[in-house]
**Q** 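Below is one structure. I have some questions about it.
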Amino acid sequence: MAQTKNARIKKEQKRLSKIFVSRSEKERAAIEALIKRAAYMRVTLEDMEADLDANGFVEMFTQSDKLEPYERERPVARLYNTMNKNFQGIMKQLTEFVEKEPVRDAGETDGFDEFVNARE
């Protein structure tokens, strides 16, 4: 059975919150609203994508029976594009809070090369 939209949003909020668990309480308070917006937008975008896959980005439209119908962009396609752009902006903001891996010295390795070379 498919999850409800609210359950999917909560699941996404938990997933995103785990990424920032090591941040200070002050920073987490600052990004909590971003996480909530991002989770809502991601789930909504997934729903819109399903609709767009099923029904397409364009539809035939006419303003009267006397006029020939013409192809136009579906309103959900426009909403999808706008929301997706805003979602990318929020994700960029959240990414700035992700801890970066420390830069290694030139001679320091992570052990991957030694592992691969030991297998040969």
Side-chain angles (χ1 to χ4, degrees):
M1 185 170 143
Q3 292 180 322
T4 65
K5 185 172 183 175
N6 281 340
R8 292 168 44 217
I9 290 170
K10 292 281 183 199
K11 185 177 178 182
E12 179 64 9
Q13 283 177 348
K14 283 183 183 177
R15 187 187 75 80
L16 289 171
S17 293
K18 284 181 184 176
I19 295 171
F20 302 102
V21 72
S22 64
R23 306 308 295 187
S24 72
E25 192 170 316
K26 197 174 187 178
E27 287 175 318
R28 281 184 286 163
I31 62 174
E32 184 179 328
L34 291 174
I35 288 173
K36 285 182 179 178
R37 283 295 92 207
Y40 174 82
M41 292 172 100
R42 179 173 179 175
V43 170
T44 303
L45 286 168
E46 288 173 350
D47 291 346
M48 287 180 175
E49 287 170 1
D51 178 68
L52 291 167
D53 287 343
N55 302 309
F57 281 74
V58 293
E59 64 186 358
M60 296 305 289
F61 179 77
T62 184
Q63 293 188 359
S64 108
D65 293 337
K66 297 175 186 171
L67 298 173
E68 282 290 315
Y70 61 92
E71 208 170 62
R72 75 168 187 177
E73 180 182 35
R74 293 182 59 222
V76 70
R78 190 171 306 130
L79 291 171
Y80 175 82
N81 288 332
T82 302
M83 186 176 284
N84 192 28
K85 182 179 177 184
N86 293 335
F87 175 70
Q88 298 301 322
I90 288 175
M91 292 308 294
K92 184 176 181 182
Q93 286 180 291
L94 285 173
T95 304
E96 292 171 4
F97 284 97
V98 174
E99 288 187 49
K100 305 290 185 244
E101 292 285 326
V103 178
R104 293 191 178 99
D105 292 333
E108 189 178 341
T109 69
D110 60 359
F112 181 74
D113 291 336
E114 290 81 8
F115 172 75
V116 170
N117 291 334
R119 293 184 58 151
E120 293 177 357

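The figures here come from the full heavy-atom set of this structure, side chains too, leaving out hydrogens, waters and symmetry mates. What you are looking at is a predicted structure, and each value in this text was computed from that prediction instead of being measured.
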**Q** Check Arg74 against Val58 and note the closest heavy-atom contact, atom names and distance.
**A**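 Smallest heavy-atom distance, with atoms named: CG-C, 3.7 Å.
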**Q** How about Arg72 and Glu59: do any of their side-chain heavy atoms sit closer than 4.5 Å?
**A**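 With C-beta onward as the side chain, the pair touches.
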**Q** Do Asn86 and Thr82 have side chains that approach each other closer than 4.5 Å (heavy atoms only, starting at C-beta)?
**A**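 In contact.
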**Q** Run the salt-bridge test on Glu96 and Lys92 with the 4.0 Å N-O cut-off and return the result as yes or no.
**A**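 Salt bridge absent between Glu96 and Lys92.
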**Q** Taking only residues two or more places apart in sequence or in another chain, which ones pass ring pair (Phe, Tyr, Trp, His ring centres under 6.0 Å) with Phe61?
**A**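 With neighbours one apart ignored, the set is Tyr70.
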**Q** Considering non-hydrogen atoms only, spot the tightest contact between Pro69 and Met60 and give its length.
**A**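 Distance-wise, the nearest heavy atoms are O-CE, 3.7 Å.
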**Q** Once you round to the nearest 0.5 Å, how far does OG1 of Thr44 lie from CZ of Arg42?
**A**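 It comes to 12.0 Å.
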**Q** Give me the other members of the hydrophobic cluster that Leu52 sits in, counting Ile, Leu, Val, Met, Phe, Trp and Tyr linked by side-chain heavy atoms under 4.5 Å, directly or via other members.
**A**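 Hydrophobic cluster check, Leu52: joined to Ile9, Leu16, Ile19, Phe20, Ile31, Leu34, Ile35, Tyr40, Met41, Val43, Leu45, Met48, Phe57, Val76, Leu79, Tyr80, Met83, Phe87, Ile90, Met91, Leu94, Phe97, Val98.
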**Q** As an exercise, state the distance from CZ of Arg23 to OG of Ser17, rounded to the nearest 0.5 Å.
**A**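 Answer for the CZ-OG pair, Arg23 versus Ser17, is 14.0 Å.
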**Q** Let me confirm one number: the CD-CZ distance from Gln13 to Arg8, rounded to the nearest 0.5 Å.
**A**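 Gln13 atom CD to Arg8 atom CZ measures 13.0 Å (nearest 0.5 Å).
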**Q** Counting only heavy atoms not in Lys5, do more than 12 sit closer than 6.0 Å to its NZ atom?
**A**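 Yes.
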**Q** When rounded to the nearest 0.5 angstrom, what distance separates CD in Glu25 from CD in Glu32?
**A**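 Taking CD in Glu25 and CD in Glu32, the distance rounds to 10.5 Å.
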